[in-house]
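Below is one structure, written out as structure tokens; the observations come after it.
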Amino acid sequence: MPIMKSDTSLAPATALIHHGYKPPSGFESAQPGIFKASTVIFLNTAALRARDWKEKNGYTYGLHGTPTTFTLEERIATLEGGRHSLLVPSGLAAIALVDLALLRSGDEVLIPDNAYGPGKELARNELAGWGIAHRFYDAMDVDALAATIGPQTRLVWLEAPGSVTMEFPDLAGLVRVARERGVTTALDNTWGAGIAFDAFALPGGEAVDISMQALTKYPSGGGDLLMGSVTTRDEALHLKLKFAHMRLGWGVGANDAELLLRSLPTLALRYAAQDAAARTLAEWLGQRSEIERVLHPAYPGSPGFMHWQATCKAAAGLFSVVFDARYASEQVDAFVDALHLFKIGYSWAGPVSLVVPYHVAGMRSKPTPYAGVVVRFSIGFEAVEDLLADLQQALHRAFGDA
Ligand SMILES: Cc1ncc(COP(=O)(O)O)c(C=O)c1O
């Protein structure tokens, strides 16, 4: 028997918890409602027994989905051109979910040498400890990947472009080589964000099996939350990931899902603005005598520019430059320290422009062609003329009239 609104036999403490008022149904707005719950209430034991946590036609427990997380999953799947998405607490957790769901002792995973570092560390440490082998491959050499895939290879990671050094690979070629050998491919699609290219419709009709993103970056755009997604088209592959997701308990909080639902409608506009600003600044830096090379996939002469052209219709607001080798690391650090608007810090895609100097030699298993210090810029939403003036004054302070 439902408790009535007018039930006065309950103490206030109880009545405020078991309140009988139900707002009228039929409320419509463009903004989705936000639901926050760990426990889902069943109407009776038959309803509890009838529930299948895997099905999206009802609710079982907060970890398995709420209207809020289901809504966000569906929107991310649409963004990525996939059919199913799973949400996890960070981009790195999305990488880990793919690894843990698909790899078993005795298997091997192949990872681009220029991939996001912590994913490589996961392979070097936890995966290796569980008897899962890994090898790093040169993502700019499709034949090298073909030669590296062995009988134990179960998963090939892809990343476009590579972290920090920004090489854009022949994604379709890498996927084809893995597909022909029956090996699952997983793309770190954080840079593309579902905007720059469609990971499930690559040139030549190729498609990755899995696309993961750090939603932390462009889909959020606020620099104020951490979340990751794993998107697939194949039902069986999705279920494999979903079972691992359930057993690991990597759910996301409704407050963060709410922030993302609010950010997604402006994603394409933000991405385009950051793309345009980054290209202007990269172009300007490319003319400076202090800079030996610009590493931006959409910049002619940058590694993999032709593959970017063949694959993408946009680029993220992220690029690196290689300083001339005549400058010592301390001098480049002085340039970074002299910047006012660019803040020193990791991550990208938020409103504040960011900068980090890297010594890339120590980040790769093979020597890199860059003798000078590499500095990566993430472009925020500041006016591009202010960012340009900031770069100019910092270059002058660190290098004088070079
Ligand atoms: C390419 C790439 N993938 C994944 C991640 C991990 O994302 P998160 O910070 O949400 O764990 C990052 C973070 O910098 C990244 O740059």
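One-based numbering along the sequence shown. Whatever order the structure lists ligands and atoms in, that order sets their numbers, starting from 1. Computed from heavy atoms alone, side chains included, the values below leave out hydrogens, waters and symmetry copies.
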Any nitrogen or oxygen of [X] lying under 3.5 Å from a nitrogen or oxygen in ligand 1? Just yes or no.
X    : answer
D188 : yes
T216 : yes
G91  : yes
L92  : yes

Atom 7 (O) of ligand 1: which protein heavy atom is closest, and how many Å away?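 Answer, as residue, atom name and distance: A214 CB, 3.2 Å.
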
Suppose we measure from atom 15 (C) of ligand 1 to each protein heavy atom; which comes out shortest, and what is that distance?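 Going by distance alone, atom 15 (C) of ligand 1 is nearest to Y116 CD1, 3.5 Å.
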
Salt-bridge contact E108-R154 (side-chain N to carboxylate O under 4.0 Å): no

Got a salt bridge between D113 and K120, using NZ or NE/NH1/NH2 to carboxylate O under 4.0 Å?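 Judged by the 4.0 Å cut-off on N to carboxylate O distance, D113 and K120 do form a salt bridge.
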
Considering K217, M227, M212 one by one, which has a heavy atom nearer to atom 14 (O) of ligand 1 than any of the others? K217

Could you walk me through whether S220 and S263 pass side-chain hydrogen bond (donor to acceptor under 3.5 Å, both in side chains), step by step? CA-CA 6 Å; S220 156; S263 297; 5.1 Å; no

Heavy-atom contact check, 4.0 Å cutoff: does E159 meet ligand 1? yes

Which of the atoms of ligand 1 are close to W348, meaning less than 4.0 Å from one of its heavy atoms? 1 (C), 16 (O)

Side chain of Q393, backbone of A338: donor and acceptor closer than 3.5 Å?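 Such a contact is found between Q393 side chain and A338 backbone.
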
Can a donor-acceptor pair be found, under 3.5 Å and without considering hydrogens, that links the side chain of H19 to the backbone of Y21? yes

Quick check on the 6.0 Å ring-centre criterion: do F335 and F342 meet it? no

Ring-plane angle category for H84 and H238, please: parallel below 30°, perpendicular beyond 60°, tilted otherwise. parallel

